[in-house]
Amino acid sequence: MDQKSLFQLSYGLYIISTSAGGVDAGCVVNTLQQVTGSPPQLSVAVNKENYTGELIGRAGKFCATVLTQDVDMELVRVFGFQSSRDTDKFTGRDARRDEAGLPYLTGGMAARFRCDVSKTLDVGSHVMYVGEVREGEILSGGEVMTYAYYHQVKNGITPPKASSYQPAEEKKGWRCTVCGYVYEGDPLPGDFVCPVCGVPASKFERIA
Ligand code: FE
């Protein structure tokens, strides 16, 4: 199988969020899809190690917002590369709650949905949640951000826990174990801080 064939698939970029037991969680995904029209249902695949996925399982509902091209990349850094387990990602940002009490961001988001989980499918590294859309709202008229735009124009990278992640075998140096950023050089400076996700040098591993 040619692994590169998978790069021909196209995706959007989204933040999914939920709330259970008084704890809010949210993360960036590229795996949101509309799967049926009547009733409208969305599916999302979330890595099992991901705290947001764990809380969606508990809450039985999730919220999804569609990122626009002008979204603050700081939001992508925090929601994409930090864990809700130890970071409160919503406090201090432009956030609202939907009718089910789930938090969502409003800035840099084209639309938002709230779904009630109707089916859960274990697909190995990820769990796929299918949810019926209970709320849907346009938030801004901005151009939506595709995953290709994120990579090509925003210089975004794919974290190791994403379903579309592929290791960069050709690079040598040190790789961030949190976000996948590669420092091409040796040695890695002791005071190095990952420019993408902000973790220290101790979170890097040597590659090749
Ligand atoms: Fe990093």
Side-chain angles (χ1 to χ4, degrees), residues 12-36 39-67 71-72 74-137 139 158-165 176-180 196-200 203:
L13 216 53
Y14 313 93
I15 288 177
I16 54 160
S17 54
T18 194
S19 186
V23 179
D24 296 332
C27 66
V28 175
V29 298
N30 69 330
T31 54
L32 190 78
Q33 307 273 343
Q34 181 175 359
V35 286
T36 58
Q41 294 182 104
L42 305 183
S43 71
V44 64
V46 192
N47 191 293
K48 283 180 182 171
E49 292 174 17
N50 197 305
Y51 190 55
T52 302
E54 192 181 316
L55 287 198
I56 290 173
R58 255 187 265 163
K61 55 192 70 159
F62 62 88
C63 179
T65 50
V66 181
L67 273 62
V71 69
D72 180 359
E74 166 71 8
L75 289 183
V76 178
R77 191 177 77 79
V78 170
F79 280 79
F81 298 101
Q82 294 181 1
S83 175
S84 292
R85 223 180 281 278
D86 44 41
T87 308
D88 179 355
K89 299 180 181 178
F90 288 95
T91 298
R93 301 187 193 282
D94 275 342
R96 280 188 214 146
R97 288 193 187 268
D98 62 22
E99 291 167 19
L102 307 187
Y104 64 92
L105 300 176
T106 53
M109 304 295 153
R112 60 117 187 159
F113 304 96
R114 195 262 296 179
C115 298
D116 288 349
V117 174
S118 54
K119 282 192 177 57
T120 302
L121 182 65
D122 188 323
V123 288
S125 61
H126 288 59
V127 174
M128 177 173 278
Y129 296 101
V130 177
E132 217 170 294
V133 181
R134 303 293 190 191
E135 297 175 51
E137 184 188 3
L139 295 175
T158 301
K161 284 195 280 183
S163 52
S164 56
Y165 176 73
C176 175
T177 55
V178 174
C179 76
V196 176
C197 73
V199 299
K203 293 283 188 183

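Using a 4.5 Å heavy-atom threshold, the side chains of L67 and V76 count as touching. The side-chain heavy atoms of D98 and F113, taken from C-beta on, include no pair separated by under 4.5 Å. The closest side-chain heavy-atom distance from L75 to M109 is below 4.5 Å. Under the 4.5 Å side-chain criterion, counting only non-hydrogen atoms from C-beta, N50 is in contact with C27. Two residues are said to be in side-chain contact when any heavy atoms from C-beta on lie closer than 4.5 Å; K119 and M128 fail this criterion. Within the 4.5 Å cutoff, no side-chain heavy atoms of I15 are placed close to those of Y104.
P103 approaches R97 most closely through the heavy-atom pair CD-NH1, 3.7 Å. Here the closest heavy-atom approach between residue S19 and residue L102 is recorded as N-CD2, 3.6 Å. Contact detail for T18 and K61: the closest heavy-atom pair is OG1-O, 2.7 Å. Nearest heavy atoms, E49 versus K161: OE1-CD, 3.6 Å. Summarising the geometry of A25 relative to Y51, their closest heavy-atom pair is CB-CD2, 4.2 Å, with the distance given to 0.1 Å. R58 and A20 get closest at one heavy-atom pair: CB-CB, 4.2 Å.
Not counting sequence neighbours, T31 has no partner by the side-chain hydrogen bond (donor to acceptor under 3.5 Å, both in side chains) test. By the salt bridge (Lys or Arg N to Asp or Glu O under 4.0 Å) test, E99 pairs with no residue at all, sequence neighbours left out.
Environment of NZ in K48: crowded, with over 12 heavy atoms of neighbouring residues, nucleotides or ligands closer than 6.0 Å.
A distance-only check finds a donor-acceptor pair linking the side chain of R77 to the backbone of C197 [under 3.5 Å]. Without hydrogens or angle criteria, K203 side chain to C179 main chain gives no donor-acceptor distance under 3.5 Å. Using modelled atom types, no side-chain atom of T65 and backbone atom of L105 make a donor-acceptor pair closer than 3.5 Å. When atom types are taken as modelled, the side chain of T52 and the backbone of G26 share a donor-acceptor pair closer than 3.5 angstrom. Between the side chain of H126 and the backbone N or O of A162 there is no donor-acceptor pair closer than 3.5 Å.
Between R114 atom CZ and S17 atom OG the span is 11.5 Å, to the nearest 0.5 Å. The OH atom of Y129 sits 8.5 Å away from atom CD1 of I16, with the distance rounded to the nearest 0.5 Å. Q33 CD to Y14 OH: the interatomic distance, rounded to the nearest 0.5 Å, is 7.0 Å. Taken from CD in E132 to OG in S118, the straight-line distance is 6.0 Å, to the nearest 0.5 Å. Considering CG of D88 and CG of D24, their distance stands at 6.5 Å, rounded to 0.5 Å. Here the straight-line distance linking atom CG of L42 with atom CG of L32 works out to 5.0 Å at 0.5 Å rounding.
Q41 and T36 form a side-chain donor-acceptor contact under 3.5 Å, judged by distance and modelled atom types alone.
Under the 6.0 Å cut-off for aromatic ring centres, F90 and F79 qualify, their centroids lying closer than that.
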Could you please spell out the steps behind the side-chain contact (heavy atoms from CB on, under 4.5 Å) verdict for V196 and C176?
-> CA-CA 9 Å; V196 176; C176 175; over 6 Å; no

L121 and V130: CA distance, side-chain angles, deciding distance, side-chain contact (heavy atoms from CB on, under 4.5 Å) verdict = CA-CA 8 Å; L121 182 65; V130 177; over 6 Å; no

